[in-house]
Visitor: 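This is the structure, below, for whatever I ask next.
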Amino acid sequence: MTDGRQSSLAAEKLGSDRLLALGFLLGDHLGGATEGAWRATAPDGGQVVLKWSANPGMVADYAKLCSGLDTLRGRGVPVARYLEVIPFEGGTLSVQQFLPGRSQDRLPRAVVAAIVEFIGAKAGIGGPGPADAHDWGAFVVQALRKGQDVWCAHAPLRDWGPASAAFLHRIEALGAAADPNWFPDDGLVHLDLHTDNILIEYDRVTGIIDWEGACTGDHLYDLVQFAFDLDGHDQPVWEIVDAACLSPRVIEAYVALLVLQSMSAAILDRPFDMERQLARAERVFDRYAV
(Lines give C-alpha, C1' and ligand atoms only; values in the text may rest on other atoms or scores of the structure.)
Protein backbone atom coordinates (compact mmCIF):
# COMPACT_ATOMS: atom_id res chain seq x y z
CA MET A 1 0.00 0.00 0.00
CA THR A 2 1.08 3.57 -0.54
CA ASP A 3 2.78 5.21 2.46
CA GLY A 4 1.05 8.60 2.72
CA ARG A 5 4.01 10.30 4.40
CA GLN A 6 6.42 9.10 1.73
CA SER A 7 4.04 10.03 -1.07
CA SER A 8 3.80 13.53 0.40
CA LEU A 9 7.59 13.63 0.51
CA ALA A 10 7.70 12.56 -3.13
CA ALA A 11 5.23 15.20 -4.15
CA GLU A 12 7.17 17.85 -2.26
CA LYS A 13 10.53 16.90 -3.73
CA LEU A 14 9.54 16.06 -7.24
CA GLY A 15 6.65 18.48 -7.58
CA SER A 16 3.38 16.81 -8.51
CA ASP A 17 2.53 19.54 -11.00
CA ARG A 18 5.91 19.17 -12.70
CA LEU A 19 5.51 15.40 -12.86
CA LEU A 20 2.07 15.81 -14.38
CA ALA A 21 3.51 18.28 -16.87
CA LEU A 22 6.05 15.61 -17.82
CA GLY A 23 3.22 13.11 -18.19
CA PHE A 24 3.86 10.94 -15.10
CA LEU A 25 1.26 9.84 -12.56
CA LEU A 26 2.87 9.08 -9.19
CA GLY A 27 1.94 5.73 -7.65
CA ASP A 28 3.10 3.60 -4.72
CA HIS A 29 6.21 4.34 -2.74
CA LEU A 30 8.68 1.47 -3.22
CA GLY A 31 11.31 2.30 -0.62
CA GLY A 32 13.81 4.82 0.61
CA ALA A 33 13.18 8.20 2.21
CA THR A 34 15.75 10.84 1.41
CA GLU A 35 16.50 9.06 -1.86
CA GLY A 36 13.30 7.19 -2.58
CA ALA A 37 11.72 5.22 -5.39
CA TRP A 38 8.13 5.34 -6.58
CA ARG A 39 6.12 3.36 -9.05
CA ALA A 40 4.55 5.59 -11.67
CA THR A 41 2.59 5.52 -14.89
CA ALA A 42 4.54 6.92 -17.85
CA PRO A 43 3.04 9.07 -20.61
CA ASP A 44 2.64 5.98 -22.81
CA GLY A 45 0.69 4.19 -20.05
CA GLY A 46 3.52 1.83 -19.13
CA GLN A 47 4.73 1.21 -15.58
CA VAL A 48 8.08 2.73 -14.60
CA VAL A 49 10.07 3.46 -11.46
CA LEU A 50 10.92 7.06 -10.62
CA LYS A 51 14.06 7.31 -8.49
CA TRP A 52 14.88 10.57 -6.77
CA SER A 53 18.41 11.60 -5.77
CA ALA A 54 19.10 14.78 -3.80
CA ASN A 55 22.43 15.05 -5.64
CA PRO A 56 22.24 17.23 -8.78
CA GLY A 57 25.61 15.79 -9.82
CA MET A 58 23.99 12.39 -10.36
CA VAL A 59 23.38 13.36 -14.01
CA ALA A 60 27.07 12.86 -14.76
CA ASP A 61 27.25 9.72 -12.60
CA TYR A 62 24.25 8.22 -14.39
CA ALA A 63 26.02 8.61 -17.73
CA LYS A 64 28.91 6.44 -16.47
CA LEU A 65 26.66 4.06 -14.57
CA CYS A 66 24.25 3.39 -17.43
CA SER A 67 27.08 2.44 -19.76
CA GLY A 68 28.29 -0.14 -17.24
CA LEU A 69 24.80 -1.47 -16.65
CA ASP A 70 24.25 -1.88 -20.38
CA THR A 71 27.36 -4.08 -20.47
CA LEU A 72 26.18 -6.00 -17.43
CA ARG A 73 22.75 -6.56 -18.96
CA GLY A 74 24.47 -7.88 -22.06
CA ARG A 75 26.14 -10.47 -19.81
CA GLY A 76 22.76 -11.76 -18.69
CA VAL A 77 22.33 -9.87 -15.42
CA PRO A 78 18.75 -8.61 -14.89
CA VAL A 79 19.21 -4.89 -14.31
CA ALA A 80 16.68 -2.23 -15.24
CA ARG A 81 17.11 0.06 -18.22
CA TYR A 82 17.37 3.73 -17.37
CA LEU A 83 14.95 5.31 -19.79
CA GLU A 84 15.54 8.96 -18.92
CA VAL A 85 17.50 11.13 -16.48
CA ILE A 86 15.87 14.48 -15.66
CA PRO A 87 17.66 17.27 -13.74
CA PHE A 88 15.36 18.80 -11.12
CA GLU A 89 15.87 21.74 -8.83
CA GLY A 90 17.83 20.32 -5.90
CA GLY A 91 18.32 16.87 -7.35
CA THR A 92 17.99 14.38 -10.17
CA LEU A 93 15.10 12.17 -11.26
CA SER A 94 15.70 8.92 -13.13
CA VAL A 95 13.02 7.02 -15.02
CA GLN A 96 13.72 3.30 -14.86
CA GLN A 97 12.22 0.18 -16.33
CA PHE A 98 9.83 -1.51 -13.88
CA LEU A 99 10.97 -5.06 -13.12
CA PRO A 100 8.69 -7.82 -11.78
CA GLY A 101 9.26 -9.79 -8.60
CA ARG A 102 9.56 -9.21 -4.87
CA SER A 103 12.35 -9.30 -2.33
CA GLN A 104 12.50 -11.95 0.38
CA ASP A 105 14.78 -12.40 3.40
CA ARG A 106 15.77 -16.04 2.91
CA LEU A 107 16.86 -17.16 -0.53
CA PRO A 108 16.65 -20.50 -2.33
CA ARG A 109 20.01 -22.07 -3.09
CA ALA A 110 19.43 -21.54 -6.81
CA VAL A 111 19.04 -17.80 -6.21
CA VAL A 112 22.22 -17.68 -4.11
CA ALA A 113 24.11 -19.42 -6.92
CA ALA A 114 22.66 -17.00 -9.48
CA ILE A 115 23.70 -13.95 -7.44
CA VAL A 116 27.24 -15.32 -7.13
CA GLU A 117 27.33 -15.69 -10.92
CA PHE A 118 25.95 -12.17 -11.42
CA ILE A 119 28.58 -10.71 -9.08
CA GLY A 120 31.29 -12.40 -11.13
CA ALA A 121 29.84 -10.82 -14.27
CA LYS A 122 30.70 -7.35 -12.93
CA ALA A 123 34.44 -7.93 -13.37
CA GLY A 124 36.05 -5.48 -15.79
CA ILE A 125 33.09 -3.08 -15.86
CA GLY A 126 33.61 0.54 -14.83
CA GLY A 127 31.31 3.10 -13.27
CA PRO A 128 31.40 6.40 -11.38
CA GLY A 129 34.26 6.94 -8.97
CA PRO A 130 33.74 6.24 -5.25
CA ALA A 131 32.42 9.13 -3.18
CA ASP A 132 35.06 11.46 -1.71
CA ALA A 133 37.96 9.33 -2.93
CA HIS A 134 40.09 8.93 -6.03
CA ASP A 135 39.88 5.16 -6.08
CA TRP A 136 38.33 2.19 -4.34
CA GLY A 137 41.25 1.42 -2.03
CA ALA A 138 41.36 5.00 -0.75
CA PHE A 139 37.60 4.90 -0.24
CA VAL A 140 37.76 1.73 1.89
CA VAL A 141 40.70 2.90 4.00
CA GLN A 142 39.21 6.33 4.59
CA ALA A 143 35.92 4.76 5.68
CA LEU A 144 37.70 2.50 8.17
CA ARG A 145 39.87 5.29 9.56
CA LYS A 146 37.46 8.24 9.60
CA GLY A 147 34.12 7.21 8.11
CA GLN A 148 32.21 8.29 5.00
CA ASP A 149 29.56 10.89 5.89
CA VAL A 150 26.39 9.26 7.22
CA TRP A 151 26.87 6.12 5.11
CA CYS A 152 29.32 4.67 7.63
CA ALA A 153 29.90 7.29 10.32
CA HIS A 154 32.11 6.54 13.31
CA ALA A 155 30.38 8.81 15.84
CA PRO A 156 27.25 6.65 16.32
CA LEU A 157 29.35 3.62 17.32
CA ARG A 158 31.56 5.74 19.57
CA ASP A 159 28.61 7.27 21.40
CA TRP A 160 26.02 4.47 21.53
CA GLY A 161 27.69 2.36 24.22
CA PRO A 162 30.74 0.31 25.28
CA ALA A 163 29.95 -2.65 22.98
CA SER A 164 29.75 -0.61 19.77
CA ALA A 165 32.70 1.56 20.84
CA ALA A 166 34.81 -1.59 21.29
CA PHE A 167 33.99 -2.67 17.73
CA LEU A 168 34.86 0.79 16.47
CA HIS A 169 38.25 0.58 18.18
CA ARG A 170 38.97 -2.68 16.34
CA ILE A 171 37.76 -1.21 13.04
CA GLU A 172 39.91 1.91 13.36
CA ALA A 173 42.95 -0.17 14.29
CA LEU A 174 42.46 -2.28 11.17
CA GLY A 175 42.07 0.86 9.08
CA ALA A 176 45.25 2.38 10.49
CA ALA A 177 47.23 -0.64 9.29
CA ALA A 178 45.50 -0.95 5.89
CA ASP A 179 47.04 0.13 2.60
CA PRO A 180 44.83 1.36 -0.28
CA ASN A 181 46.97 -0.67 -2.68
CA TRP A 182 45.69 -3.91 -1.16
CA PHE A 183 42.32 -3.56 -2.81
CA PRO A 184 41.54 -4.51 -6.43
CA ASP A 185 39.95 -1.83 -8.58
CA ASP A 186 38.81 -3.76 -11.62
CA GLY A 187 35.04 -3.99 -11.58
CA LEU A 188 31.68 -2.49 -10.72
CA VAL A 189 30.61 -2.43 -7.06
CA HIS A 190 26.90 -2.25 -6.29
CA LEU A 191 27.73 -1.18 -2.71
CA ASP A 192 24.29 -2.08 -1.34
CA LEU A 193 23.72 -5.68 -2.40
CA HIS A 194 21.32 -7.15 0.13
CA THR A 195 18.09 -9.08 -0.13
CA ASP A 196 15.90 -5.96 -0.31
CA ASN A 197 17.57 -5.10 -3.62
CA ILE A 198 17.12 -8.54 -5.18
CA LEU A 199 13.79 -9.25 -6.89
CA ILE A 200 12.63 -12.85 -7.17
CA GLU A 201 9.75 -14.56 -8.92
CA TYR A 202 9.23 -18.33 -8.91
CA ASP A 203 12.72 -18.91 -7.44
CA ARG A 204 14.31 -16.94 -10.27
CA VAL A 205 16.12 -13.61 -9.99
CA THR A 206 14.16 -11.05 -12.00
CA GLY A 207 16.04 -7.94 -10.99
CA ILE A 208 18.93 -6.41 -9.08
CA ILE A 209 17.91 -2.87 -8.24
CA ASP A 210 19.09 0.34 -6.51
CA TRP A 211 22.37 1.00 -8.35
CA GLU A 212 22.56 4.69 -7.46
CA GLY A 213 25.50 4.16 -5.07
CA ALA A 214 27.46 1.94 -7.46
CA CYS A 215 31.07 2.77 -8.24
CA THR A 216 34.25 1.42 -9.79
CA GLY A 217 36.10 -0.88 -7.40
CA ASP A 218 36.44 -4.49 -6.32
CA HIS A 219 33.32 -6.27 -7.55
CA LEU A 220 33.93 -9.03 -4.99
CA TYR A 221 33.10 -6.62 -2.18
CA ASP A 222 29.49 -7.31 -3.17
CA LEU A 223 30.09 -11.03 -2.58
CA VAL A 224 31.20 -10.33 0.99
CA GLN A 225 28.28 -7.97 1.54
CA PHE A 226 25.82 -10.52 0.17
CA ALA A 227 27.11 -13.20 2.57
CA PHE A 228 27.12 -10.69 5.43
CA ASP A 229 23.49 -9.80 4.77
CA LEU A 230 22.35 -13.44 4.59
CA ASP A 231 24.19 -14.16 7.84
CA GLY A 232 21.90 -11.56 9.41
CA HIS A 233 18.90 -13.56 8.15
CA ASP A 234 20.19 -16.80 9.73
CA GLN A 235 21.30 -18.12 6.35
CA PRO A 236 25.11 -18.27 6.50
CA VAL A 237 26.72 -18.82 3.10
CA TRP A 238 30.30 -17.80 3.89
CA GLU A 239 31.57 -20.66 1.77
CA ILE A 240 30.93 -18.49 -1.29
CA VAL A 241 33.39 -15.93 0.07
CA ASP A 242 35.97 -18.56 1.02
CA ALA A 243 35.74 -20.05 -2.48
CA ALA A 244 36.58 -16.66 -4.05
CA CYS A 245 40.14 -16.85 -2.64
CA LEU A 246 40.26 -13.19 -1.61
CA SER A 247 43.27 -12.05 0.36
CA PRO A 248 42.59 -12.50 4.10
CA ARG A 249 43.47 -8.86 4.81
CA VAL A 250 41.00 -7.72 2.15
CA ILE A 251 38.21 -9.86 3.64
CA GLU A 252 39.02 -8.49 7.11
CA ALA A 253 38.75 -4.93 5.81
CA TYR A 254 35.47 -5.63 4.00
CA VAL A 255 33.77 -7.29 6.98
CA ALA A 256 34.98 -4.45 9.22
CA LEU A 257 33.50 -1.92 6.80
CA LEU A 258 30.22 -3.84 6.71
CA VAL A 259 30.02 -3.98 10.50
CA LEU A 260 30.71 -0.25 10.64
CA GLN A 261 28.07 0.57 8.03
CA SER A 262 25.37 -1.71 9.42
CA MET A 263 25.84 -0.60 13.02
CA SER A 264 25.96 3.07 12.10
CA ALA A 265 22.70 2.73 10.16
CA ALA A 266 21.03 0.75 12.94
CA ILE A 267 21.97 3.25 15.65
CA LEU A 268 20.69 6.16 13.58
CA ASP A 269 17.51 4.57 12.20
CA ARG A 270 16.77 1.24 13.94
CA PRO A 271 18.30 1.17 17.44
CA PHE A 272 16.02 -1.76 18.32
CA ASP A 273 18.12 -3.83 15.86
CA MET A 274 21.44 -3.34 17.66
CA GLU A 275 21.30 -6.63 19.56
CA ARG A 276 21.17 -8.49 16.26
CA GLN A 277 23.89 -6.28 14.78
CA LEU A 278 26.26 -6.87 17.69
CA ALA A 279 25.71 -10.64 17.58
CA ARG A 280 26.40 -10.79 13.85
CA ALA A 281 29.47 -8.59 14.18
CA GLU A 282 30.93 -10.89 16.83
CA ARG A 283 30.26 -13.98 14.70
CA VAL A 284 31.84 -12.51 11.58
CA PHE A 285 34.83 -10.97 13.36
CA ASP A 286 35.50 -14.32 15.04
CA ARG A 287 35.25 -16.17 11.74
CA TYR A 288 37.82 -13.96 10.02
CA ALA A 289 39.93 -13.14 13.10
CA VAL A 290 39.44 -9.39 12.84
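Along the sequence shown, residues carry numbers from 1.
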Visitor: Where do Gly27 and Trp38 come nearest, in terms of heavy atoms and distance?
Guide: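 Residues Gly27 and Trp38, closest heavy atoms: O-CD1, 4.2 Å.
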Visitor: Determine, using the 4.5 Å side-chain heavy-atom cutoff (strictly less than), whether Ile86 and Leu83 are members of one ILVMFWY cluster.
Guide: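 Linked within one cluster.
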Visitor: For the pair Arg280 (side chain) and Phe228 (backbone), establish whether a donor and an acceptor sit closer than 3.5 Å, ignoring hydrogens and angles.
Guide: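 Confirmed, Arg280 side chain pairs with Phe228 backbone.
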Visitor: Does the plane of the ring in Trp151 sit parallel, tilted or perpendicular to the ring in Phe139? Use 30° and 60° as the thresholds.
Guide: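 Geometry flag for Phe139 against Trp151: tilted rings.
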Visitor: Measure across Ser264 and Pro156 and return the closest heavy-atom pair with its distance rounded to 0.1 Å.
Guide: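 Ser264 and Pro156 have their closest heavy atoms at OG-CG, 3.8 Å.
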Visitor: Determine yes or no for a side-chain-to-main-chain donor-acceptor pair under 3.5 angstrom, with Asp229 supplying the side chain and Thr195 the backbone.
Guide: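 Here the side-chain-to-backbone pair exists.
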Visitor: Could you tell me which non-hydrogen atom of Thr206 sits nearest to which non-hydrogen atom of Gly101, and how far apart they are?
Guide: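 Nearest pair, atom of Thr206 first, then Gly101: OG1-CA, 3.7 Å.
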Visitor: For a side chain to side chain contact (heavy atoms under 4.5 Å, CB included) check, start with the C-alpha distance between Val116 and Val237, then their side-chain angles and the critical distance, and finish with the verdict.
Guide: CA-CA 11 Å; Val116 172; Val237 293; over 6 Å; no
Visitor: Do Asp242 and Tyr288 make a side-chain contact, defined as non-hydrogen atoms from C-beta onward lying under 4.5 Å apart?
Guide: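 The answer is yes, as the side chains (C-beta and beyond) meet within the 4.5 Å cut-off.
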Visitor: What closest approach, in Å, do Ala143 and Cys152 show between heavy atoms, and which atom pair accounts for it?
Guide: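 Minimum heavy-atom separation between Ala143 and Cys152: CB-SG, 3.7 Å.
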Visitor: Do Arg102 and Leu199 make a side-chain contact, defined as non-hydrogen atoms from C-beta onward lying under 4.5 Å apart?
Guide: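 Side chain of Arg102 against side chain of Leu199, heavy atoms only: no contact under 4.5 Å found.
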Visitor: Taking all heavy atoms of Asp44 and all of Gly46, pick out the closest pair and write down the distance.
Guide: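 Minimum heavy-atom contact is OD1-N, 2.9 Å.
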Visitor: Ring centres under 6.0 Å, that's the criterion: do Trp136 and Tyr221 meet it?
Guide: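 Ring-ring flag for Trp136/Tyr221: true, centres closer than 6.0 Å.
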Visitor: Could you state the interatomic distance from CG (Asp273) to CE (Met263), rounded to the nearest 0.5 Å?
Guide: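 If we round to the nearest 0.5 Å, Asp273:CG and Met263:CE are 10.5 Å apart.
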Visitor: Side-chain heavy atoms under 4.5 angstrom apart, residues restricted to Ile, Leu, Val, Met, Phe, Trp, Tyr: same cluster for Leu99 and Val95?
Guide: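 No; Val95 is not reachable from Leu99 via cluster members.
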Visitor: Can you check whether Asp196's main-chain N or O pairs, donor with acceptor, with His194's side chain at less than 3.5 Å?
Guide: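 Side chain of His194 to backbone of Asp196: a pair is present.
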Visitor: Nearest heavy-atom pair of Met58 and Ser53: which atoms, and what distance?
Guide: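 The pair with the smallest heavy-atom distance is CG-OG, 3.1 Å.
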Visitor: Would a hydrophobic clustering, with Ile, Leu, Val, Met, Phe, Trp and Tyr connected at side-chain separations under 4.5 Å, put Leu268 with Leu260?
Guide: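 No: no chain of side-chain contacts under 4.5 Å links Leu268 to Leu260.
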Visitor: So, does Ser164 use its side chain to make a donor-acceptor pair with the main chain of Leu157 at under 3.5 Å?
Guide: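 Present.
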Visitor: Taking only residues at least two apart or on different chains, which pairs with a member in residues 139-151 satisfy salt bridge (Lys or Arg N to Asp or Glu O under 4.0 Å)?
Guide: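 Every candidate salt bridge (Lys or Arg N to Asp or Glu O under 4.0 Å) pair involving residues 139-151 fails, so no pair, neighbours aside, qualifies.
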Visitor: So do Arg75 and Ile125 actually touch side chain to side chain, heavy atoms under 4.5 Å?
Guide: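 Yes; the side chains approach each other to less than 4.5 Å.
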Visitor: Glu252: which residues meet the salt bridge (charged side-chain N to carboxylate O under 4.0 Å, His left out) condition with it, sequence neighbours left out?
Guide: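 By the salt bridge (charged side-chain N to carboxylate O under 4.0 Å, His left out) rule, Glu252 matches no residue at all.
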Visitor: Once you round to the nearest 0.5 Å, how far does CD of Glu172 lie from CG of Leu144?
Guide: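 Going from the CD atom of Glu172 to the CG atom of Leu144 covers 9.5 Å.
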Visitor: With a 4.5 Å limit on heavy-atom distance, are the side chains of Phe226 and Val112 in contact?
Guide: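 Yes; the side chains approach each other to less than 4.5 Å.
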Visitor: Counting only N and O atoms by type, is there a donor-acceptor contact under 3.5 Å from the side chain of Ser262 to the main-chain atoms of Leu258?
Guide: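 The answer is yes, because a donor-acceptor pair under 3.5 Å joins these two groups.
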Visitor: Mark yes or no for whether Thr216, through its side chain, and Gly127, through its backbone, hold a donor-acceptor pair below 3.5 Å.
Guide: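 Checked: pair present.
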Visitor: To the nearest 0.5 angstrom, please state how far the CH2 atom of Trp238 sits from the CZ atom of Arg287.
Guide: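 Between atom CH2 of Trp238 and atom CZ of Arg287 there are 7.5 Å.
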Visitor: When the aromatic ring centroids of Phe183 and Tyr254 are compared, is their separation below 6.0 Å?
Guide: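 Ring-ring flag for Phe183/Tyr254: true, centres closer than 6.0 Å.
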Visitor: Please enumerate all residues that pass side-chain hydrogen bond (donor to acceptor under 3.5 Å, both in side chains) together with Ser94, with sequence neighbours excluded.
Guide: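 Tyr62, Gln96.
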Visitor: In a table with atom names and distances, give each donor-acceptor pair under 3.5 Å that connects a side chain of residues 65-74 to protein atoms at least two apart or in another chain.
Guide:
unit_1, atom_1, unit_2, atom_2, d
Asp70, OD1, Arg73, NH1, 2.8
Thr71, OG1, Ser67, O, 3.3
Arg73, NE, Val79, O, 3.1
Arg73, NH2, Ala80, O, 3.1

Visitor: Could you state whether Leu188 and Ile209 fall into the same hydrophobic cluster, counting links through intermediate Ile, Leu, Val, Met, Phe, Trp or Tyr residues with side-chain heavy atoms under 4.5 angstrom apart?
Guide: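 The answer is no; the residues belong to distinct hydrophobic clusters.
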Visitor: Would you check if Val224 and Leu257 make a side-chain contact, meaning some heavy-atom pair closer than 4.5 Å?
Guide: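 Not touching, per the 4.5 Å side-chain cut-off.
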Visitor: Stepwise, does the side chain to side chain contact (heavy atoms under 4.5 Å, CB included) test hold for Arg39 with Val49?
Guide: CA-CA 5 Å; Arg39 188 168 182 170; Val49 173; 5.6 Å; no
Visitor: Under the salt bridge (Lys or Arg N to Asp or Glu O under 4.0 Å) rule, what pairs show up with a residue in residues 180-192, not counting sequence neighbours?
Guide: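 Found none.
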Visitor: How many angstroms lie between atom CD of Glu212 and atom NZ of Lys51, to the nearest 0.5 angstrom?
Guide: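 So the gap between those two atoms works out to 3.5 Å.
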Visitor: Quick check for you: to the nearest 0.5 Å, what is the distance between Leu107 atom CG and Ile198 atom CD1?
Guide: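 With rounding to 0.5 Å, CG (Leu107) is 5.5 Å from CD1 (Ile198).
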Visitor: Flag the pair Ile119 / Ile240 as yes when at least one side-chain heavy-atom distance between them is below 4.5 Å, and no otherwise.
Guide: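 When only atoms from C-beta onward are counted, Ile240 and Ile119 do not touch, as no gap falls below 4.5 Å.
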Visitor: Would you mind reporting whether Leu278 and Glu282 have side-chain heavy atoms less than 4.5 Å apart?
Guide: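 Side-chain contact under 4.5 Å: no.
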Visitor: Strictly distance-based, threshold 3.5 Å: is any side-chain N or O of His190 a donor or acceptor partner for the main-chain N or O of His219?
Guide: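 A pair under 3.5 Å: no.
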Visitor: Which pairs with one or both residues in residues 103-124 pass side-chain hydrogen bond (donor to acceptor under 3.5 Å, both in side chains), sequence neighbours excluded?
Guide: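 Pairs touching residues 103-124 that pass the test: Arg109-Glu239, Lys122-Asp222.
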Visitor: State whether the side chain of Arg158 and the backbone N or O of Leu168 hold a donor-acceptor pair below 3.5 Å, judged by distance alone.
Guide: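 Checked: no pair found.
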Visitor: A side-chain contact here means heavy atoms from C-beta on lying under 4.5 Å apart; do Asp218 and Leu246 qualify?
Guide: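 Sidechains of Leu246 and Asp218: in contact.
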